[in-house]
Every structure is written in structure tokens, then in C-alpha cells.
2 protein chains.
Amino acid sequence: MSGPTRAPTLADVAASAGVSLSTASLTFSGNKPVSATTRERVLAAAAELGYSGPNPLARNLRQGRSGVVGIAVGQLSTAFRDPAALAMLDAVSEVLGAAGLGLLLMSDDDDHARLPLDAVIYDICGRETWAAYADLVARDVPLVVVEGPAWPGSTYIDIEHRVGSAALAEHLHALGHRDVATVTLAASHPQREREAGLRDVFPHARVLGACESDVAAVQSLVAHHLDDRGPVTAIVCQSDVQAAGVVLEARRRGLRVPEDLSVAGFDGVATPWLDLELTTVVQPLADKGHATAEAVLGRIAGADVSDVLLPVALRVGDSTAPA
Amino acid sequence: MSGPTRAPTLADVAASAGVSLSTASLTFSGNKPVSATTRERVLAAAAELGYSGPNPLARNLRQGRSGVVGIAVGQLSTAFRDPAALAMLDAVSEVLGAAGLGLLLMSDDDDHARLPLDAVIYDICGRETWAAYADLVARDVPLVVVEGPAWPGSTYIDIEHRVGSAALAEHLHALGHRDVATVTLAASHPQREREAGLRDVFPHARVLGACESDVAAVQSLVAHHLDDRGPVTAIVCQSDVQAAGVVLEARRRGLRVPEDLSVAGFDGVATPWLDLELTTVVQPLADKGHATAEAVLGRIAGADVSDVLLPVALRVGDSTAPA
DNA sequence: CGTTTCGATCGAATCGATTCGATGCTAGCC
DNA sequence: GGCTAGCATCGAATCGATTCGATCGAAACG
């Protein structure tokens, strides 16, 4: 006969247990000691009423935090197609999860202004403007930028693009390469830095074109360059996925890698479907993710968080050889 | 002199504009008409005070919704390594994003009981129990299960595993194959269905072993089977990624595909780094994602939502040939 | 034995909006 | 002119907790 009764609240539990609302709250939150007998009475009442714990919405309002961190990655499907992005995401999620925070995917155009976010991670390489930025600033949401534009008020996590890129270029130069071309990402901070590193060694390196980190995309980009490829003896890519695309396309066109063409990548991720190990610049993806998440935690806690610049390392594989 | 003044609230704006709190609220929410002059006064006051819109936390509490939908996918890095998962995620995000809902990643072990979720999508093939399930039920959170166990109270989105698998098996049978082996996923509803479909045609098909949808994993799984492979002439996999792994490993061992060994996959995703088109069972990934998201919206709206069963289609590629 | 201290509990204020029902005012109508 | 609608606005209740400060006993102390 008791219609669809609404879900019990903490007040119901408190009443049923014969304690005050505040005591019931303390029982669940543990923020102050509660005697064992009282705790049991409250928990018993909760169990009987089918109370499933404090309403998160109410807690959030009171505490002024939502427990949710946004991560902007552009288009989901393209962003995560590159294993490097996944490794990073994994590390971020690990740290935030341990801190009890959830990770909310922010895709490009959606309007997330209505969602309560405790902080936002911006990890869209290859984009320099962002509609949501002004809004986040207005709402005082801490922003952690990964390899992006150095926006005022945000914390900045980055790697040594230029150093790594230059080291790779020197490796090629030492192998005797003189005519080097590069596949780029969209114009962006990391892209500019990496290109600068390349030009430290090869000032006249040719740009074949820009594309995202996707095997098919890079294949169609370099396809015609490989037919009539002029004097180029090495191609430097901005990700291992791009490099894999170049290797596959080169082979399809009858070129041997590395004998006829040296190919280099960036990131240092596993490419199990390629039968050679790429020469690449290994970046500490897990460290980058951890550093990002730690920065988020710090900013949420209101601490002063300093920017992070992580080192990279050249890894010489089987995809580069003397010119 | 005015210390760190706290962020302005709607009450401040209302006072400054000389209107009531309710009118100010209506100005922002648009739930009831407000005269143009009043609206302008309110907006002007808001601009002057630097008010950046209603606090989402407060709105959420009042409305009893958070605007966030959780999606459980197991380990992030492994879940998204398969492009099929990404395609699905993309479609889900598209629909939910358009509805103003955010998508929160729930990884395995994190405790998300403290987060306010309007609904949860369960998309972990290969798992039959879930610690969070009881909790979600207790909290009355709508649950949409994709290819998972048919849990009471949840909405169920699935594809025709058995039909597709049987169609593929018949294709192999028609090619003259009689000795077929299969690589499986962890024991789960879709795996059982697919295996049943396979055994409809090949009752004695041999199971090589189970592994996740990952090139490297499948390679090490089938490695020794390919050396001394007995009478097997075809291997049926549970994903295109698995199939790609088998193809690569077979070639590494000197077997030609499809001349010496036929290989089939499942999903119908692009494998640009493979130079042949896989024979596979194409599932409508975008439709599946859309249906999932629509089910979520329906459940949140309190509607009766019926389960969805989507069709699949056999696609014959270059990886299967006469035995 | 009087006083201090400490732990457990309680009452009330608070977080910042949304929304129901009531009120006042103007316009339309006969 | 009197009456009814309808629109804009307002006051107050509400969402469901957390948390500050006060209170009350009992234990510890000199």
C-alpha cells in the first residue's frame, strides 16, 4: 500500500536510529569519532531502510567539489588511436583513481560548462585555441596543459621536444644522411619545437606535409612522395604510428627500410605489427601522466604547482641505417 | 583592501540587479519567461560582478541529476587498444554529448561509489561479475549492459554473435575447410554465443586458447601452435586485431595467408597496417554505440527501454581461401 | 571533593541554486 | 465599468548532506 516511496535520506536513517542528523553523518563520513554502539545502531537502521550511503550530489554541493576531472583530448577516436595517448591516459587515471577522482572525457565541441569539474587537463596537441578556455578561467577551474600553449594561469607539463628531436637528427647525420624530410603534426608548440630541433642539424629539411598520428593518414600523405622522392634518404616522423605508416608505404612501393630509406619516429611505443624496431625518441609517457595527475591534485588542493619538463631519450632501432 | 572575496552567487547578482532570487534564476535557466528589460539588468549585474553562471553543483543537487554517465571498460589501456572499442565509444559520446551529458571513464578497481552518476554503461566483454553492480542497484542507477551478462534491472544491447559466427563458419566449410581452430576471448556471454555458432558447423573445432584483443598477446598465444599445427587449415578469431596477430605470426613462421592458412576475424574494423583485407563478421559499431546512448537517455528519462539486438554481416576478404 | 579535559552527541547554519504557489498589474472583453 | 486572463515577479520551501560551535557526562587530576 505504500506507493513508490522516495529513497531514504540520511535524516530518515538518523530518525530511525534515534540519533541526530549530524551524528548519522559522522558515522558515514568518519570525520569525527563515533562510539561503536552508535555506529552500529546507525548502520543497522541504514541497512533496514535500504539506505545506500550519502547522496553524492549533496555532499558535492556542501564541499564545493565534484570529484570529477575533465580531460580534453579532441576527437575521441582519433586521439586514442595512438597508443602513446593511451599510455598517458592510463597513468593519469591511475593516480586520479587512487585519489578517488573520476576522469571525464571532454570531446571537442560539447558544452561542458554545465558540468561541475574540479580541474581540467588539456591534452590536445595540435590545437592552440580552445573555446572552453575562457569559461574555465571565469569559473576558476584549475587547468593543467600537456604539451600545449602556455596559457596564463595554467600548469604546464611538457617534454624536451627540441633536445630529443636534435639528438635524433644528429644520429641521422652521423649515419651520413644529408637529405632529410619530415612528416609533421598540425602547427603547435610541440611541432614547432621538434622542427626547430631537426633544423638545428638539417636547416633545409623538407616538410612533406602534416597529418595526424594515424597509419592510413600518413600512408596517403607520403604515397606520392615515395614514388618520385628526389634525393631524400631519411624521413623523420612525429610519432611512431606515423613512422610505421611510412615504413609500410615505403615497402609497398618496393623500398627497403632501412637500406633504401631510413625512417624515424617519436614516442617510443610498441608497434608489434611491425617486424622491426623503430629508431625513435622515447618519451616517459607514464611519468608524464603521473606528473599531470599530480599537478591536478596539487592544483585542486590549492597548492602552488610548478611546471614540469621531462627528459627524452634517443633509442636507435632497426629502421635507420647509413645513407 | 577587499581581501579574497568569494565568488559571487546568484543571490549577489539578484541583489545587485534589484530583482528577486527566483527571477535571477529564471533569467539564466530560461524555464519561464522574463521581460527583456529585467533580463538585461540581471545580465549586466552578472557581468559586473564577474558571475560566471549558476553553480553546477547546486543545480545538480536541486535537480537530482549530475549530467554525468559512467562507462566501465575495464583497464583503460587494454580496452581501447582495439579500434572496435573506440568506434563504439565515439558513437556513445556523440549522442550523449549532444544531450549535454558527460562521459566518465570507470576503470576496474576505482571506487566510484562517491561519484554522482546518472547512469552507467557496462561494456566489459569477458567479465561476468562486477563489484560495483550491487552498489549501482542499491542506488537505483540505470545500467545499460553491452554484450554482457543479462543482469536484472539492466537494459541490454547486443549483437547477433551466434548468427554471425555461424555464417563465417559456413563460409569456411564451403571453402572445404574441415579442421578449424579458434582463438577465444575470456569466458563470457559473447564468447559462448560465438563458439556455439562455430560449433553449429564445426562441432569439434579446436580451441587454441584465450587471450585479449591485442596483437602481441595473440602472437605469443598461437606461436607454438603454428609450428606443429597438426591438421588445422583455418583459424577463427574473436576480433580483427586478434586475426591480424595470427596473420603476422603465421607469416613470420613462413606460412602464407590465405594459401597455407585461412584466418578470420570479427568486428569489421580497418587494419591499415595489414596488406590484406580480413574475412570477418562486420558488426555495426556506430549503431551499437548510438543504441547504447539512446538507451541511456531513455533510462535517465524514466522511460521503459527495451533491449536491442543488432544484426551482423559476413564480409569475405582476402584472408580466407580454399583449404 | 572540586576542577579540568576530553570524547561523544546534538542543534543550527550553510552550500547555491530551482521551483511551487501566490500576488500584483495590465490588457482584453462584453 | 467590472470581470477575467495572462504575464512577470516574488517569497518561501526544498534538494540532502557537512560542519561549526555548544552542551553534557564521565574520567582524570591535584
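All chains are named by letter (A, B, ...) in the order of the sequence lines, taking the proteins before the strands, and each is independently numbered beginning at 1.
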> Relative to the 5' end of DNA chain D, which residue comes earlier, B/P33 or A/L57, by the nucleotide with the nearest heavy atom?
Replying inline: B/P33
From [atom1] of [X] over to [atom2] of [N], roughly how many Å is that when rounded to an integer?
| X | N | atom1 | atom2 | result |
| --- | --- | --- | --- | --- |
| A/N55 | D/dT14 | CG | C1' | 13 Å |
| B/L61 | C/dT19 | CG | C1' | 13 Å |
| A/R6 | D/dC15 | CZ | C1' | 11 Å |
| A/K32 | D/dA17 | NZ | P | 19 Å |
| A/L10 | C/dC15 | CG | P | 20 Å |
| B/R114 | D/dT18 | CZ | C1' | 12 Å |

>> Here's a test for you: under side-chain contact (heavy atoms from CB on, under 4.5 Å), which of B/L101, B/V92, B/V141 qualifies with B/V69?
In response: B/L101
> So which nucleotide from C/dT9, C/dT18, D/dG16 ends up closest to the side chain of B/Q63?
Replying inline: C/dT18
> D/dA17, D/dT18, D/dT14: which one has an atom nearest the side-chain heavy atoms of B/R62?
Replying inline: D/dT14
Taking only side-chain nitrogens and oxygens of [X], does any of them come within less than 4.0 Å of OP1 or OP2 of [N]?
| X | N | answer |
| --- | --- | --- |
| A/Y51 | D/dA17 | yes |
| A/N31 | D/dT19 | yes |
| B/T9 | C/dG16 | no |

> Can you list every pair that meets ring pair (Phe, Tyr, Trp, His ring centres under 6.0 Å) and has a residue in residues 42-76 of chain B, with sequence neighbours left out?
Replying inline: B/F28-B/Y51
>> Just to be sure I understand the rule, does B/N60 reach a base, reach only the sugar-phosphate, or reach nothing, if contact means heavy atoms closer than 4.0 Å?
In response: nothing
>> Using a 6.0 Å cut-off, check whether atom CZ of B/R114 has over 12 heavy atoms from anything other than its own residue.
In response: no
>> Would you say CD of B/E48 has more than 12 non-hydrogen atoms from neighbouring residues, nucleotides or ligands within 6.0 angstrom?
In response: no
> Are A/L105 and A/F80 close enough that some pair of their side-chain heavy atoms sits under 4.5 Å apart?
Replying inline: yes
>> Side chains of A/R59 and A/S29, heavy atoms from C-beta outward: is any pair under 4.5 Å?
In response: no
>> Whether the side chain of A/R59 and the base of D/dT18 hold a donor-acceptor pair under 3.5 Å is what I'd like checked.
In response: no
> How are the rings of B/W151 and B/Y122 set to each other: parallel, tilted or perpendicular (split at 30° and 60°)?
Replying inline: perpendicular
> By a strict heavy-atom criterion of less than 4.0 Å, which residues belonging to residues 21-30 of chain A are in contact with DNA chain C?
Replying inline: A/S22, A/T23
